There are 2 protein chains.
Amino acid sequence: MQPDAIKRCLAGSGLRSTPQRYAVMAFLMKQAGHPTAVEIFEAVNRVDPRSSRATIYNNLRDLVHAGLVREVAVEGRAARFDAKGMRHHHFICDRCGNVEDVDWYDVPRPAAASLGRRVLRECELIFRGLCTRCAPRRVSR
Amino acid sequence: MQPDAIKRCLAGSGLRSTPQRYAVMAFLMKQAGHPTAVEIFEAVNRVDPRSSRATIYNNLRDLVHAGLVREVAVEGRAARFDAKGMRHHHFICDRCGNVEDVDWYDVPRPAAASLGRRVLRECELIFRGLCTRCAPRRVSR
DNA sequence: TGAACAGATTAGATTATATCTAATATGAAA
DNA sequence: TTTCATATTAGATATAATCTAATCTGTTCA
């Protein structure tokens, strides 16, 4: 069990462990950034068991549905994915579309009255602006 | 809201007032929901000056860039748009993808340390779950 | 008022992203 | 092992958005 945390993780969510699915999960867990489906496709195929595009998308859908992976929609660009490790918020760059993590802190929930009959599953806080690479260097003044 | 207000609004953002652009803005301002680009395309063309798909997308891009309209990316679905009227948060339905408004309340900003060199423009709070139509009806009353 | 022209519009092609199909293969339970 | 529900595959298809290059138009200013 301890030798393979990923397999346990998949089994615990009722997902069969296949080389392709395992590779996607392993890649996302060791990855610091927030790759797109195509980037994941290329990365896992660079190693070995060749995964088709459909398999990557299928597995990402299943992993998101199982709550192991988070999908971040970015307007005008491909969605990005990350393994749900430590809780965190997301910063999306206006300029390059990159997604970066921001330390997690608690967010106040809305008043019951403004939710009405809606069933709240989660609150997501997204920051927008210029990411580390796109922000202008500070100029002494 | 008088028709002139829209023209002033556009001019104030350095945007020329054209029948097509005006129609997009007018539609979004009188619209309670969060239509997709295609829905806007169909709605404004149902009235009169025929707008091409490209014009709808161009104008939406310009209006978003001018800060008059907000774009909401929804994973796996088309983006949705609304005129920035009163500040509000968004609720995205897990099941149908609909976007609904939630009363606005202030969100605490992250600590400067966790932003680093990043330039923060805005904080966006997104709620997820089941929308009014998709939530199961309450049994007891 | 009416040129002039920067900016806007157009139809349709193109690109980008994601899903579907149906034939085949495989993990894991028994 | 055998079994079979589940997963994978290549390629086609669907959907969302952008691009192209020809044409048109709002606004400015003489």
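Each chain gets a letter, A, B and so on, in the order the sequences are listed, and its residues count up from 1. Keep in mind that what you see is a predicted model, and the values were worked out from it rather than measured.
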In this structure, how many angstroms lie between the P atom of C/dA18 and the CZ atom of A/Phe41, rounded?
13 Å
Within a 6.0 Å radius of atom CZ on A/Arg77, are there more than 12 heavy atoms belonging to other residues, nucleotides or ligands?
yes
If you fit an axis to the five pairs at each end of the helix from C/dT1-D/dA30 to C/dA30-D/dT1, how big is the angle between those two axes, to 10 degrees?
40°
Greater than 12 external heavy atoms within 6.0 Å of B/Arg121's CZ
yes
For residues 59-74 of chain A, which side-chain donor-acceptor pairs fall under 3.5 Å, sequence neighbours excluded?
unit_1  : atom_1 : unit_2  : atom_2 : d
A/Asn59 : OD1    : A/Arg21 : NE     : 2.8
A/Asn59 : OD1    : A/Arg21 : NH2    : 3.3
A/Asn59 : ND2    : A/Thr55 : O      : 3.2
A/Arg61 : NH2    : A/Asn58 : OD1    : 2.9
A/Asp62 : OD2    : A/Arg21 : NH2    : 3.3

Are the side chain of B/Arg117 and the backbone of A/Cys134 linked by a donor-acceptor contact shorter than 3.5 Å?
no
Using a 4.5 Å side-chain heavy-atom cut-off and chaining through intermediate ILVMFWY residues, the residues clustered with B/Val119 come out as A/Leu130
Whichever hydrophobic residues join A/Val38 through chains of side-chain contacts under 4.5 Å
A/Tyr57
Along DNA chain D, first and last positions that approach a heavy atom of chain B under 4.0 Å:
D/dA16 to D/dT27
With a 4.5 Å cut-off on side-chain heavy atoms, are A/Phe81 and A/Ile40 touching?
yes
Those residues that, when tested against B/His88, pass ring-ring contact (aromatic ring centres under 6.0 Å, His included) (two or more places apart)
B/His90
A/Glu75 has an atom CD; how far is it from atom C1' of C/dA16, in whole Å?
16 Å
Are A/His89 and A/Asp103 close enough that a side-chain donor and a side-chain acceptor fall under 3.5 Å?
no
Using a cut-off of 4.0 Å on non-hydrogen atoms, how would the nucleic acid contact of B/Ala54 be classed: base, sugar-phosphate, or nothing?
base
Sequence-distant partners of B/Arg16, salt bridge (Lys or Arg N to Asp or Glu O under 4.0 Å), two or more places apart:
none
Which residues within residues 57-74 of chain B lie with some heavy atom under 4.0 Å of an atom in DNA chain D?
B/Tyr57
Its contact letters, B for base, S for sugar-phosphate only and - for none at protein heavy atoms under 4.0 Å, make nucleotides 24-30 of chain C read --BBS--
Side chain to side chain donor-acceptor pair (under 3.5 Å) partners for A/Arg128, two or more places apart
A/Glu75, B/Glu124
Only counting residues at least two apart or in another chain, list the ones meeting salt bridge (Lys or Arg N to Asp or Glu O under 4.0 Å) with B/Glu100.
A/Arg118
Contacts satisfying salt bridge (Lys or Arg N to Asp or Glu O under 4.0 Å) that involve residues 31-42 of chain B (not counting sequence neighbours) are none
